[in-house]
Structure formats: structure tokens, C-alpha cells
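Just so it is clear, the values below take in all heavy atoms, side chains as well, and ignore hydrogens, waters and symmetry mates. Given the structure is predicted, the values throughout are model-derived calculations rather than measurements.
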Amino acid sequence: MAVKLPLFPTSVVGSFPRPSWLTRALRDLRAGRISPDEFEEYLDDAVIATIKEEEAAGLDVITDGEQRRLSFFFAELFDGMEYKPLYQLAETPEARGYLESLGIHRGIYHPVATSHLRLRLERVEREAGFALKYSSKPLKFTLPSPYMLMIDSWNKKLTSDYYPTPEDLGFEVARLLNKAVRRLAEMGVFFIQLDDPSLSNPIDPKYYRLVELVNGYKPRQPINEELSLAVELVNEAVRGVSGVKLGVHVCRGNWPGPEEALPRGGYERIMPYLNQLRVDQLVLEFATPRAGSLEVLGMAEKEVGLGVVDVKRPEVESPEQVAGRAKEALKYLDPGRLWLNPDCGFASGATWPVQPRRRSFEKVRAMVEAAWILRREYEGRA
Ligand SMILES: [Zn+2]
């Protein structure tokens, strides 16, 4: 697709809240009240509704809202990986107490590798093929990053018979993801984004503690070695891919817990590693004060998808407020390298949205109107 984007393109990180009738249908499916075929029809309709909402909001690059996935971990992508309730994986009172201290929801499902993995390429083809058919805007398709899946889905007890070490699993995931990325590029997807909140763990090790308690995973020390491994894995997943825009999304996690329980800290520590990723764009949260100073953008060597809308706060930002945040970033970045995004998805899991659906739309709309303000001011100057 030959795409000409305006200055300050607007997009979303990925997920959008599921319509209430879709979550009801999911309950009906699990209870055996509707058939998988009938559920598929609900999913198709939810994708169409989301695509049309995103187009109506005026976004330049859209997603399908990840309507078909149980969560952004996208364990459905692999045979041999399954979802289990996180609290079930947390076997000790210490582990469960730790999840509670982070404000983690009881309904959160976690991916676990429980066998040798096989990529369900047909699932990617169906998801992307459907969204491409129903959208008139360039499509962003999100995939989990291999580093994130390594630390989240390698479980000492359940995985080590198949993948003795986390790296064995991580490199297998990266190799399989590479096939998915190549296929998506061939299909005409405009932007492929790998989601990697785990790349922020060296900033605040709260989540490393979680995967240590739940999975028995321990990061390499010194932590620079862990960061190098993360870079190697992501680069393996995008190796040899061209003709598509590639991005990596980094945030500090997006579960609907209290602000004070969530990780915090600026990108300074990890930016030299983010610059080594073989991708075009870094999609970074910045609207939340937990993400630290914008000054670090002076170190960024790539395009930046700037988080200008806080997905966790209920207040809907005004377009002027959003434009103001973008202007702050323009002190450190050329206008041609700046995209506008919300900080993260609005519903990283089907059953744990961080905002209601209508409010998510209003937040996205404020961002689109902010882009109009910025274009009036900067077009012709860039
Ligand atoms: Zn995120």
C-alpha cells in the first residue's frame, strides 16, 4: 500500500475495550450456550465495530482493537502455549500476596508454554486478512515481543521439559515470530508492532520479582546483559524483514491496579538499548508521570510514537492539553519523527479493560483533534 501520512500521524497502541455483548458472548461460549462458530460471528462484528470507531475518531493508522484475543500476550498464536489464571500459577502465599500488593486483578490470565511450540500462522492470516478487508486506513498489527513471552511464559515447572532454559524458549519464539512478521509484511499490513513492557523491567524491577515468584525466572546480572539479550531476541524476530514499518512498544505494564502499585521511572537507563532495536519506531508511554522526563527523547535515534493520552486516568484530556504534551516533546525531536498515541492499549485483556469503551473513544478523539492543532501550527515549517 502506498501510504502518504500527514505530519504527526495518529495511531493507537493496540487494544480497544470489547463491546459488552462480546464479553457476554465469551461467557456464553465458555458455558457452552453458544457454539464456536456463533462466537466467531460476534468476533467479526466486534472487529468491524472497532475498525469503524477508530476510523470515525479520525486515526491515521488503525488496529482491530485486538478484539479476537484474550489478552495482548496473544498466547493463541501458538500451539503449545496456553492461558492460565495468574493466581493459579502463583502457588505460594508469598507469590499470591505479591500479586495482591501490585493490585493485580483476579481475572488476569497469563501465558504459559506447556509443550513444544508451533506457530498458528493461519490465525495471523485470518486476523490480519479480515482487518485489511474491512478497513480503509493503513493497518497496524501487534504481536507479543519474544523477550516478553520468554520471561512471562517460561515456567520452571511447566516448561523446562520442553525448553530447559528461558533462552531456549525465547529464541524459539523469536524464530516463529519472524515467520509471522514476514507473512504480515507480504499481506500488506502497514505497521507491525512488537509489544514489550518487559523491556522496562530494568527501570523498576517490580515485575522481575513477579516472574521470579510465579515462574522461577531470574534476569541476568549485571542487568546490561539482560538488556542485550532482549535486544537480540527482538532483532531476531524482525531479521530480514523489509517493506513494512516496524515498531516496539514499551510501557510499565497496564493492569488496572492503583497508580502507586505500578512501576515507575524514566527511559534513560534503557534508551541506549532501545536504539539498538532494528525497528523504525519506539512507541513509548509518556502521558503518565510514572514514565519520567521527556528530555530522554534527546537520546532517541528513531521515530517516536509518543504517549500523549493517559489510558489509566479517567479524565478525558482536552485537545489543547494533548497538543501541549506533544509540543514539549518537540523540544527534543524533529516534527517529522513524532507520532501521537495513547500510552498503551485501552484493554490489554478482554476481561480487564482500563477504561470503558466510550471514554476510550473520547480520549482517542482528543488526540486526533490535538494533531489538527499541531498541523495548523507546524505544517510548512517541517
Ligand atoms: Zn503498554
Side-chain angles (χ1 to χ4, degrees), residues 13-14 72-73 98-99 101-104 144-152 166 170 193-215 217-235 247-277 279 281-313 325 328-329 332-333 341-345 348 354:
V13 169
F72 79 106
F73 286 118
Y98 190 67
L99 297 183
S101 77
L102 294 181
I104 289 178
S145 131
Y147 177 62
M148 175 183 75
L149 279 184
M150 178 184 83
I151 81 162
D152 279 297
Q193 174 186 292
L194 298 175
D195 290 330
D196 206 336
S198 301
L199 267 166
S200 77
N201 292 347
I203 298 172
D204 181 339
K206 259 181 189 168
Y207 200 83
Y208 279 143
R209 179 77 186 132
L210 183 152
V211 287
E212 186 178 351
L213 287 167
V214 171
N215 288 336
Y217 180 83
K218 282 198 175 81
R220 272 136 224 75
Q221 296 296 343
I223 206 70
N224 286 359
E225 285 180 21
E226 181 78 358
L227 279 162
S228 296
L229 172 65
V231 169
E232 208 183 324
L233 286 166
V234 172
N235 286 344
V248 168
H249 166 60
V250 181
C251 66
R252 286 149 195 73
N254 193 28
W255 60 87
E259 277 291 307
E260 57 280 11
L262 288 148
R264 60 176 59 242
Y267 293 94
E268 290 77 4
R269 180 82 188 73
I270 61 170
M271 192 54 85
Y273 293 88
L274 300 184
N275 283 333
Q276 292 172 35
L277 299 171
V279 298
Q281 188 175 119
L282 302 173
V283 181
L284 305 175
E285 68 176 350
F286 265 111
T288 173
R290 289 183 291 101
S293 164
L294 284 162
E295 255 183 79
V296 71
L297 293 175
M299 293 166 68
E301 293 168 6
K302 300 176 187 295
E303 261 176 21
V304 172
L306 186 78
V308 285
V309 163
D310 189 331
V311 292
K312 296 186 58 71
R313 285 189 190 277
R325 283 177 182 163
E328 279 297 305
Y332 312 102
L333 279 180
N341 277 303
D343 267 358
C344 191
S348 305
V354 284

Would you mind reporting whether [Y] and [X] have side-chain heavy atoms less than 4.5 Å apart?
| X | Y | result |
| --- | --- | --- |
| Tyr267 | Leu297 | no |
| Ser198 | Met150 | no |
| Leu282 | Leu277 | yes |
| Asp343 | Val309 | no |
| Arg252 | Pro197 | no |
| Ile223 | Pro219 | yes |
| Val354 | Trp255 | no |
| Val214 | Tyr98 | no |

Would you give the length of the straight line joining atom [atom1] of [X] to atom [atom2] of [Y], rounded to the nearest 0.5 angstrom?
| X | Y | atom1 | atom2 | value |
| --- | --- | --- | --- | --- |
| Met148 | His249 | CE | NE2 | 9.5 Å |
| Ile151 | Glu212 | CD1 | CD | 11.5 Å |
| Ser200 | Arg269 | OG | CZ | 13.0 Å |
| Glu328 | Glu295 | CD | CD | 10.5 Å |
| Cys251 | Asn341 | SG | CG | 12.0 Å |
| Ile104 | Leu262 | CD1 | CG | 8.5 Å |

Side-chain donor or acceptor of Asn275 paired with backbone N/O of Glu301 under 3.5 Å: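 Indeed, once roles are kept as given, a pair shorter than 3.5 Å links the two residues.
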
Lys206 side chain to Ala261 backbone, donor-acceptor under 3.5 Å: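 Here the side-chain-to-backbone pair exists.
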
Evaluation steps, side-chain hydrogen bond (donor to acceptor under 3.5 Å, both in side chains), between Ser348 and Asn254: CA-CA 7 Å; Ser348 305; Asn254 193 28; 3.0 Å; yes

Salt bridge present between Lys312 and Glu259 (N-O < 4.0 angstrom):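 No, this pair does not count.
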
Salt bridge Arg220-Glu226, side-chain N to carboxylate O under 4.0 Å: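 Yes, Arg220 and Glu226 are salt-bridged.
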
side-chain contact (heavy atoms from CB on, under 4.5 Å) between Leu227 and Ile270, intermediate numbers included: CA-CA 8 Å; Leu227 279 162; Ile270 61 170; 3.8 Å; yes

Taking all non-hydrogen atoms of both residues into account, name the closest pair between [X] and [Y] and its distance.
| X | Y | value |
| --- | --- | --- |
| Leu199 | Ala230 | CD2-CB, 3.7 Å |
| Pro342 | Val311 | CB-CG1, 3.8 Å |
| Val308 | Arg325 | O-NH1, 2.9 Å |
| Val304 | Ala300 | CG2-CB, 4.2 Å |

Candidate pair Val248 and Gln193, rule side-chain contact (heavy atoms from CB on, under 4.5 Å), full reasoning: CA-CA 5 Å; Val248 168; Gln193 174 186 292; over 6 Å; no

Partners meeting salt bridge (Lys or Arg N to Asp or Glu O under 4.0 Å) with Arg313 (sequence neighbours left out):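 Only Asp310 meet the salt bridge (Lys or Arg N to Asp or Glu O under 4.0 Å) criterion with Arg313.
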
Salt bridge (Lys or Arg N to Asp or Glu O under 4.0 Å) partners of Glu268, counting only residues at least two apart: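 None.
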
Stepwise side-chain contact (heavy atoms from CB on, under 4.5 Å) check, Leu294 with Leu306: CA-CA 10 Å; Leu294 284 162; Leu306 186 78; 3.8 Å; yes

Donor-acceptor pair between Asn201 and Arg209 side chains, under 3.5 angstrom: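 There is no such pair between these side chains.
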
Any donor-acceptor N or O pair under 3.5 Å, side chains Ser145, Asp195: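 No - no donor-acceptor pair under 3.5 Å links their side chains.
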
Set of side chain to side chain donor-acceptor pair (under 3.5 Å) partners for Tyr207, sequence neighbours left out: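 Only Asp152 meet the side chain to side chain donor-acceptor pair (under 3.5 Å) criterion with Tyr207.
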
Derivation and outcome, side-chain contact (heavy atoms from CB on, under 4.5 Å), residues Gln281 and Val283: CA-CA 6 Å; Gln281 188 175 119; Val283 181; 3.5 Å; yes

